[in-house]
Protein chains: 2
Amino acid sequence: MEKVTVFDLIERMSALLRSEERKKCTEFGLQSVHLQILDYLSRCNKYSDTPAALANYLGMTRGTVSQTLLLLEKKAYVNKTTDTTDRRVVHLSLLPNGKAMLQQARPTELFDQAADLLVSDKLSNYDEMLVSMLTALQKSNKSQSFGICKTCQYFTVSPDVHLCGLTREALTEDDSGKICQEHRAL
Amino acid sequence: MEKVTVFDLIERMSALLRSEERKKCTEFGLQSVHLQILDYLSRCNKYSDTPAALANYLGMTRGTVSQTLLLLEKKAYVNKTTDTTDRRVVHLSLLPNGKAMLQQARPTELFDQAADLLVSDKLSNYDEMLVSMLTALQKSNKSQSFGICKTCQYFTVSPDVHLCGLTREALTEDDSGKICQEHRAL
DNA sequence: ATTATAAAGTATCGAATCGAAACATAAAGC
DNA sequence: GCTTTATGTTTCGATTCGATACTTTATAAT
């Protein structure tokens, strides 16, 4: 049963990261949801920085998200602005405070130390394999994949510009590396 | 910066699993901590099935763990028995209800589907690599590694029996595949 | 032996989370 | 225009969580 063990290992790593995250959170007086929200906001593109997308991504109700955002706003971690074209929609953005917190709370040392222990010339292989595993997971999670923009079936790259085939909008290099709620895996 | 991206990928997968877990939880009227506790109890060996170990593993206070366990007991998911030699210690065990819940809530379909998408003859390689990555993470997380018993420096295997070098006790095949709080990576 | 110290677990309290349901507002369909 | 749908907020009650103080048991020190 190779199938099981491979993803068991992923699950184990995930558990390890979660517990590490929890410790960091209590250290900084946060809840792990807060950190997840900050993390998401740092990674999502302009189509996906709304409360509704957050609720979808994290699997929470919109009411709960609204509450949590109030708190994060009070702490000056995030900022709200209403969309200019659709006035129901709110866009969220990370404030400097929030970015700083995220920087501190991510398990950077853990990763760095772990990476040092791995034989470095094997790293490129790891990379490739993990990408295919992640893609496989995202495809299976078909409800809404929340994948990286440039790995989307709607993403097209003309000689000079990146383009989202769904919204027909041009994308910055930066945006195309971020999470999109409209993502459809290839 | 290969180091960063490799573990970034792990982090992405972890985030995906977490959000999947959260959805499952609301579906069954649980909190994600509850599921984490059930999961831990299904994976830990007899030295590590105590409230204190749980608190350590999950990064919660003992008080909080105590509260949560009350609830899980009320729902007939777990069971407490006091240790015979050290009467301060409580051992926890999963009841049938808890096992059933865990079975339902784990992202099995997700994993199965993802595995089907991966080229199967590459799976053994994935396996090997992931093990070394997990080990690296555990080593780095030096506080308490909570690793698998048989990968511990105290684990010894005589011709017929497995043995824990720390407690000098014999171990079942089953036990040696489980999580131990006394684990020290090789 | 007796005392002191440490460890495992519990109880209580207040702040915060969370989901459910009701509500408001804006856009889209017909 | 009227209805339907979508985004977001509010309110409420149940639950979680951490901090603190506490009980009980084991171990160490004298």
Side-chain angles (χ1 to χ4, degrees), chain A residues 18-19 21-38 44 46-75 77-92 144 181-182, chain B residues 18-19 21-38 44 46-75 77-92 144 181-182:
Chain A
R18 250 196 317 235
S19 91
E21 182 188 71
R22 197 184 280 276
K23 283 169 199 163
K24 291 269 190 175
C25 281
T26 51
E27 190 178 331
F28 293 115
L30 283 176
Q31 218 70 23
S32 73
V33 197
H34 299 165
L35 221 54
Q36 286 174 49
I37 289 180
L38 296 184
C44 72
K46 57 182 172 179
Y47 304 126
S48 316
D49 60 355
T50 68
L54 247 178
N56 241 313
Y57 182 71
L58 295 177
M60 307 162 68
T61 63
R62 289 200 305 276
T64 303
V65 168
S66 188
Q67 285 306 305
T68 309
L69 285 177
L70 276 183
L71 188 138
L72 291 178
E73 233 183 332
K74 206 169 61 187
K75 291 195 176 184
Y77 289 157
V78 305
N79 178 266
K80 293 182 191 170
T81 48
T82 41
D83 191 295
T84 47
T85 65
D86 186 338
R87 305 200 30 229
R88 291 172 306 180
V89 176
V90 168
H91 290 282
L92 304 165
Q144 243 177 316
Q181 66 170 332
E182 309 293 349
Chain B
R18 250 195 318 233
S19 93
E21 182 188 70
R22 196 183 282 275
K23 283 170 199 162
K24 292 270 190 174
C25 281
T26 53
E27 190 179 331
F28 295 115
L30 283 177
Q31 218 71 22
S32 71
V33 196
H34 299 165
L35 220 54
Q36 286 174 46
I37 289 179
L38 297 183
C44 72
K46 58 182 173 178
Y47 304 127
S48 317
D49 59 356
T50 67
L54 249 178
N56 240 313
Y57 182 71
L58 295 177
M60 307 162 67
T61 63
R62 289 200 305 276
T64 303
V65 168
S66 187
Q67 286 307 303
T68 308
L69 286 176
L70 276 182
L71 188 138
L72 291 177
E73 231 182 333
K74 206 169 63 189
K75 291 193 175 185
Y77 290 157
V78 304
N79 178 266
K80 292 182 193 171
T81 48
T82 41
D83 191 296
T84 46
T85 65
D86 186 340
R87 303 196 34 228
R88 293 172 305 179
V89 177
V90 168
H91 290 283
L92 304 165
Q144 242 178 315
Q181 66 169 333
E182 309 294 349

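Fair warning: this is a prediction, and the values are worked out from it, not measured in the lab. Below, chain A is the first sequence line, B the second, and so on; all start at residue 1.
Between A:Leu30 and A:Tyr77 there is a side-chain heavy-atom pair separated by less than 4.5 Å. Put simply, the side chain of B:Thr50 does not reach to within 4.5 Å of the side chain of B:Val90, judged on heavy atoms. At a threshold of 4.5 Å between non-hydrogen side-chain atoms, the residues A:Ser66 and A:Arg62 do not count as touching. Taking 4.5 Å as the limit, every side-chain heavy atom of A:Leu92 sits out of range of all side-chain heavy atoms of A:Asn79.
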Which atoms of nucleotides 10-17 of chain D (N or O only) lie under 3.5 Å from a protein N or O atom, and what are those distances?
| from | atom 1 | to | atom 2 | distance (Å) |
| --- | --- | --- | --- | --- |
| D:dT16 | OP1 | B:His34 | NE2 | 2.6 |

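In this model, the phosphate group of D:dT7 is not approached by any side-chain N or O of A:Lys80 to a distance below 4.0 Å at OP1 or OP2.
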With both pairing distances under 3.5 angstrom for Watson-Crick or G-U wobble, and | for a partner in another strand, the correct string for DNA chain C is ||||||||||||||||||||||||||||||
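Shown are B:Thr84, B:Thr81, B:Asp83; of these, the side-chain hydrogen bond (donor to acceptor under 3.5 Å, both in side chains) with B:His91 is made only by B:Asp83.
The CG-P distance, from B:Leu35 to C:dC18, rounds to 16 Å in whole Å. The CG-P distance, from A:Leu54 to C:dC18, rounds to 12 Å in whole Å. Distance, A:Leu69 CG to D:dT7 P: 15 Å, rounded to whole Å. One can place CZ of A:Arg88 at 17 Å from P of D:dT4, the figure rounded to the nearest angstrom. In this structure, B:Asp83 atom CG and D:dT25 atom P are separated by 13 Å, rounded to whole Å. A straight line from CG of A:Leu72 to P of D:dG8 spans 15 Å, rounded to a whole angstrom. B:Asn56 places its CG atom 12 Å from the C1' atom of C:dA7, with the value rounded to the nearest Å.
With D:dG8, C:dA27, C:dA8 as the choices, the nucleotide that has an atom nearest any side-chain atom of A:Val89 turns out to be D:dG8.
Here the closest non-hydrogen pair linking A:Leu35 and A:Cys25 is CD2-SG, 3.7 Å.
Between the B:Thr68 side chain and the B:Thr64 main chain, a donor and an acceptor come within less than 3.5 Å of each other.
Among the atoms of the strands shown, only primed sugar atoms or phosphate atoms (P, OP1, OP2) are found under 4.0 Å from some heavy atom of A:Thr85.
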Could you please spell out the steps behind the side-chain contact (heavy atoms from CB on, under 4.5 Å) verdict for B:Leu58 and B:Ile37?
-> CA-CA 8 Å; B:Leu58 295 177; B:Ile37 289 179; 3.5 Å; yes
Test log, rule side-chain contact (heavy atoms from CB on, under 4.5 Å), inputs A:Val33 and A:Met60 = CA-CA 10 Å; A:Val33 197; A:Met60 307 162 68; 3.8 Å; yes
